[in-house]
Amino acid sequence: MKIVVAVALAAMSVAGLQAAQVEAPQFETNQIETARELRAVALESNLGYEITEDLTTRIGNRLAGSENDARAVEWAVKKLESLGFDRVWTEPATFPTWTREHERVSITSPVEQDLVSLAIGFSPGTPEGGVEAEVVMFDDLAALQAAPAEDVAGKIVFIRKRMERARDGSGYGATVAARSTGSMAAAEKDALALIIRSVGTSTNRFAHTGTMRFDAGSRRIPAAAISNPDADQLERLIKMGEPVRLSVDIGAQVNEPYTSQNVIAEITGSKFPEKIVALGAHLDSWDVGTGAIDDGAGVGIVTAAARIIMEHAERPERSIRVILFAAEEIGLWGGRAWADAHKDNIENYQLAAESDFGAGPVYEISARVSDEAWPVIGAIHAELEMLGIAMGGRTQARGGPDFMPMSIHGLAAADLSQDGTKYFDYHHTENDTFDKIDPAEMAQNVAAYAVLAWLAAQSPVDFGSGPGLVDTSEE
Ligand SMILES: [Zn+2]
C-alpha cells in the first residue's frame, strides 16, 4: 500500500511538472529557428569588428566634451543611418568637462627617477612648476582616512593598493575608491598631491587614468596614477627607510559645461512598437589610446547585433533600440540624462543590456526580470548555451553602467558577462587600441546580443520591471 501511494505520488509530481512546463510561456518554433539562424550568421560575421575599427581609426579617442566627442556623435548618426535603422536620433546630455594638459611625476630623492603617470580626470592642476615634498604611503584609502592629519599635511600621499586580476573584474570595485575619492580624502588632511598605484592589472609601464568624483564645494588636490612597475619601484624605495621625495607637476582644466548627445537608433516593432528592447554601449572614451576595448568594442557589438536582426529576421514584434551613450567615463552623464528623460515610461522597456567590458567572450547570462518572465530567460539561455554561455541566474543585473541610473527605478535588465581577465591590462591606458580585440571573440559577443535581443523582442510575456537595483556603479 505504501509503495502504491509512493508511485502514485511520483506519477502525480511528474504530471504536475509537465503541466507547469506546458503553462510556462513558450516561444514559437519559427522564433527559435530564427534565433539559431541569427546566431550562426553572427558567428560568421565581421561586422562588429569592422564598426569598431572604423570608429577607433576614423575618430580615435573621444573624451567627453572634446572636439572628437562631436565628431564621434556625427560618425554614429551617419553609421546608424547607413545601416538602415528605421529611425536615428539624438538626445542631449550636459556635463562638466575636463582637459588634460600635462603631467610629470618624478622621484627627486634619494634617487632621481621619472615615473610613468596619467593625471586622474577632474584633477586640478598644480601651481606653476609643480609641487615637491616628502611622500607618505598608505595601504589603501581607508588607511589614509584613518591617519592623523599631521602625518599627511604638507606631504604627497601615495596609495599602494593593488588590483587583483579576475574573470569578472571584481578586483576593480575593490580598488577603485582610491581613484574616485582619494583626492578629496587627502585634501581634507592638507596633503599637496595624491599619487595612486594604477587601478589596472598590467605589468607594463602604462598608467591607467579614470575619473574622480567630487561633491560640489569639496576641496580636491592634484592627483595622478602611476604605472604598476613604477608603483612597485616607489614602494620598494620607501620600504628601504630613507625619506623619499616626489615632484608632481600637473596641468589640467575644468571647463564650462558641454552638451553632447546620446545617439539612438531603432528597429520599429511590428506588433508592439511602443515596447522596447534597449541595447547599450558608450560612445565616449578616455583621451588616451583610441578607446577600443572601452568602449569601441561595445559600440560594434550592439550595433552589429541589431543590424544582423534587421537583415536576417522578420521585423521583431517589439522595437529594438541601440543607444550609444555620451560621457560615461566622466560620470555616467549620458545614462543619467537618458534615465531622467525616460523613467516615466519605464514600463515600456522590455529589457536593457549594455556591452561595456571589452570584447572577451561572454561566459554567463544573468537577469533581473519579473517572476512571470523568469522562465523566458531560461528559454533564451538554452539558445545561448552553444556559445559557451552558462546560466548565471536571477541576480542584481544592472544591464551595464549606463542603464544603472534607470535600473534603480526597476528597469528590467540582463547582463551578458564577458571574460574580463585581460580587460584591466588595457583599460583607460594609452594601450587601449584596436589590436587588443580578437575578431572571433567579438563575433561570439555579437551572436549573444543578437539572440538575446531577438528573443526578448519576441517574448510571449513582458519582462516587467522587477525590484529596483540596489547597487552602485564605478565608471
Ligand atoms: Zn566603458
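In listed order, ligands and their atoms are each counted from 1. It should be emphasised that the depicted structure is a prediction, and the values quoted were computed from it without experimental measurement.
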#### Entry: Pair R205 + D230: basic N to acidic O under 4.0 Å
yes
### Message
Which of the protein's N, O or S atoms come within less than 2.8 Å of the Zn ion (ligand 1), not counting waters?
### Response
H282 NE2, D294 OD1, D356 OD1, D356 OD2
### For V288, the option from H208, E430, H428 that meets side chain to side chain contact (heavy atoms under 4.5 Å, CB included)
E430
### Task
Please check if any side-chain donor atom of D284 sits under 3.5 Å from a side-chain acceptor atom of W333, or the reverse.
no
### Exercise: do D425 and T201 side chains pair donor with acceptor under 3.5 Å
yes
### Query
Does the separation of the ring centres of Y426 and W286 fall below 6.0 angstrom?
no
### Query
Parallel, tilted or perpendicular for F122 and W98, by the 30°/60° rule?
tilted
